[in-house]
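Structure record follows, encoded as structure tokens.
By convention in this document, chain letters (A, B, ...) are assigned in the order of the sequence lines, proteins followed by strands, and residues within each chain are numbered from 1. What you see below is based on every heavy atom in this structure, not just the backbone, and it leaves out hydrogens, waters and symmetry mates. Just so it is clear, the structure is predicted and the values come from calculations on it, not from any experiment.
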Amino acid sequence: MTSTVPVTGVPAWIVLGRTVAGAAVAYLDPGGMEQRRHEVAASELADWIAHAEAEWAPRWVWHDTPQWYPALLAHGVRIARCHDLRLCHVILRASALVDPHAPVRTAAGWDAAPHVTLEAAAPTLFDFEGPADAAKGPPADLDDALAEFTRQRDAIAGGAEPGRLRLLTAAESAGALVAAEMQAAGLPWDAAAHDRILTETLGERGTGGQPANLAASAARVRAALGDPTASLDSQPKLLRALHRVGVLVESTSRWELAEQRHPVIEPLLEYKKLSRLLSANGWAWLAEWVDDGRFRPVFVPGGVVTGRWASSGGGALQLPRQLREAVRADPGFTLVVADVAQLEPRVLAAMSGDLTLAGAARDRDLYAGIVESGAVATRSEAKIAILGAMYGATTGESGRLVPRLRRTYPRAMGLVDDAARTGEDGGLVSTWLGRTCPPPSEVWAEAQSRASEADATGADETRARRWARDRGRFTRNFVVQGTAAEWALAWLADLRTRLDAIPPVPAERSAPRSGPVFARRPHLAFFLHDEVIVHTPVEHAEAAAQAVKDAADTAGRILFGDFPMDFRLDVRTAITAFKD
DNA sequence: TCATTTAGCGCG
DNA sequence: AAAGCGCGCTAAATGA
């Protein structure tokens, strides 16, 4: 190990770069000045990082979290803080809070996709394979990392709102750590419970054919169609079969079918429901995605343009509520399941400084508060109206209700209306912390200028207007959805720190399938936009639940200071994640 | 034959 | 029959 040479002062950052033999590391002082650098062999890297983490607790700077952290976790090494250059680059290069000429905007190579792997801990991750490996993901070299880190620090410090961008880049990077940790720990999944749900719903699996209940509903559909060989899985064929019996729908979607009155409708809707469960989350899914009691999806932080996470493989973000019962804690453990009540409207109230809407949300269901204000008559109307305001509804019940909100909550509605107008005009909008939406595509801009020319046709104008409104709805929602994602990141980051402060349980009480880092302590197991699942030893369940609540309070203060908005949580502690 | 697009539905 | 945002995934249809 080469770590014992004294340095002048404690390094604030340690930048990592890959070499053929392992890693090159550079120590930076708080001002960003390089103090020294050296190399660490691949075989010693995990131990060295653990040592440096304990000694200095630096913020680790690396090119791409999925290329460093999973292997560390597999070696039992956890770090507290990092700066993910790739993720932060994506934010900074597009941010309206960064100077238009900042070098970070034009740095080459840093727009690469993350180099994610389905393996939670590929043992080969530290075996750098030279150019072939470097071709994937952003630049992995130490000098590239140092240069990009300098560009990013300059972009933040020289920007309009350094504080916000510092928060955002720190939160985004913390999210990268959480994502890797959740993949490593996995979501505890009871395959037997899943199988039981499938069998109860779909029926027994025969030899080769469809499960019994699915086959039975298929038979009922075919009987109602008077066609024993009707194809139910082909949209065009099903549509023709429906037309033949007088069901004159234009599509085979559930919503349109549900409006029809015909004996085929009820069994067909059931068939579609069962068929969906079988193909999306049936026995094949179970065999492919659940291994040794864990579902380990790949979370992709920043994968959505608004800053929300995406996922890859297993449909982690679309697990049907029906299957939540299969999420089951290990023996001696339990789950703390928490979701935020009406996160997006609360965020909208806070970011617009709308005290009236904040008042409606205080200490109660936000929709109930809106009803009390008299703006609308029922909770369901309040919900439809708020969603319509945030999504840009113009017609139907939602479109009709939105103007009433405008009168009662002019500041909140003004914020989303402004965002929509900016987007329609081709402008950029930003979240609270400075994530900025992409500029309009060239095709979009071309269509707008075409429509304003003297010889524009009616079709040109219609198309331009439609595209403008489409973009307006996107930017309208971007500011709210994106700021909600920032709140959620702050929540996650603070929760992660709080959980880490809870003492581990004795080794004999461990949950070994959660991996060496999380076997003996509460840990995040799942995150979905405004919801978390913590897997915790039973004796720490209360502390974990409290941490979830405290972290929500902290997130609110970090983003919105003293603005009087509480982010209410629904917190449940149970062996399974079953809901309702 | 293989690759890409579409319809539909799951989640927030 | 989706009004109204953001996604991922599957199976079938369609295109090359």
**Message:** Between B:dG8 and C:dA1, how many Å separate the two P atoms, rounded to a whole number?
**Reply:** 11 Å

**Asked** Rounding to the closest angstrom, what is the interatomic distance between B:dG12 and C:dG4 at atom P?
**Response** 22 Å

**Asked** Would you call the rings of A:His523 and A:His535 parallel, tilted or perpendicular, where under 30° means parallel and over 60° means perpendicular?
**Response** perpendicular

**Asked** Which class fits the ring pair A:Phe295 and A:Trp189: parallel under 30°, tilted 30 to 60°, perpendicular over 60°?
**Response**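 Because their plane-to-plane angle is over 60°, the rings of A:Phe295 and A:Trp189 count as perpendicular.
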
Answer yes or no: is there an ion pair linking [X] with [Y], defined by an N-O contact shorter than 4.0 Å?
| X | Y | result |
| --- | --- | --- |
| A:Lys383 | A:Glu344 | no |
| A:Arg324 | A:Glu531 | yes |
| A:Lys549 | A:Asp553 | no |
| A:Arg568 | A:Asp365 | no |
| A:Arg222 | A:Asp227 | no |
| A:Asp291 | A:Arg294 | no |
| A:Asp417 | A:Arg406 | yes |

Round to the nearest Å and state the distance from [X] atom [atom1] to [N] atom [atom2].
| X | N | atom1 | atom2 | value |
| --- | --- | --- | --- | --- |
| A:Leu232 | C:dT10 | CG | P | 21 Å |
| A:Arg308 | C:dC7 | CZ | P | 9 Å |
| A:Leu319 | C:dC7 | CG | C1' | 14 Å |
| A:Phe295 | C:dG8 | CZ | C1' | 11 Å |
| A:Leu528 | C:dG6 | CG | C1' | 12 Å |
| A:Arg469 | C:dC5 | CZ | P | 13 Å |
| A:Leu405 | C:dG4 | CG | C1' | 14 Å |
| A:Trp285 | C:dG8 | CH2 | P | 17 Å |

**Item:** Any A:Thr394 side-chain nitrogen or oxygen under 4.0 Å from OP1 or OP2 of C:dG4
**Value:** yes

**Counter-base of C:dC9, judged by Watson-Crick or G-U geometry with both distances under 3.5 Å** =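 Its partner is B:dG8.
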
**Prompt:** Which nucleotide, in any strand shown, forms a Watson-Crick or G-U wobble pair with C:dG4, with both distances under 3.5 Å?
**Reply:**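 Partner of C:dG4: none found under 3.5 Å.
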
**Message:** Just to be sure I understand the geometry, which residues of residues 235-254 of chain A put a non-hydrogen atom under 4.0 Å away from DNA chain B?
**Reply:**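 Those residues are A:Gln235, A:Ser251, A:Thr252, A:Ser253, A:Arg254.
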
Taking any heavy-atom pair under 4.0 Å as a contact, classify [X]: base, sugar-phosphate, or nothing.
| X | answer |
| --- | --- |
| A:Leu257 | nothing |
| A:Gly314 | sugar-phosphate |
| A:Arg276 | base |
| A:Gly392 | sugar-phosphate |

**Prompt:** About how many Å separate CG of A:Leu405 and CD of A:Glu381, when rounded to the nearest 0.5 Å?
**Reply:** 10.0 Å

**Item:** Range on DNA chain B touched by chain A - first to last nucleotide, heavy-atom distance under 4.0 Å
**Value:** B:dA7 to B:dG12

**Request:** Tell me, yes or no, whether the heavy-atom count around A:Arg465 atom CZ, taken from other residues, nucleotides or ligands under 6.0 Å, exceeds 12.
**Result:**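 Check fails, neighbour count at 12 or below.
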
**Prompt:** Would B:dA3 be called syn or anti, given that syn covers angles within 90° of 0?
**Reply:** anti

**Request:** State whether the distance check finds a donor on one side and an acceptor on the other, under 3.5 Å, for side chain A:Gln318 versus base C:dG8.
**Result:** yes

**5′-ward residue of the pair A:Glu259/A:Gly303 relative to DNA chain C** =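 The 5'-side residue here is A:Glu259.
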
**Prompt:** Taking the nucleotide of DNA chain C with the closest heavy atom to each, which residue, A:Gly315 or A:Ser398, is nearer the 5' end?
**Reply:** A:Ser398

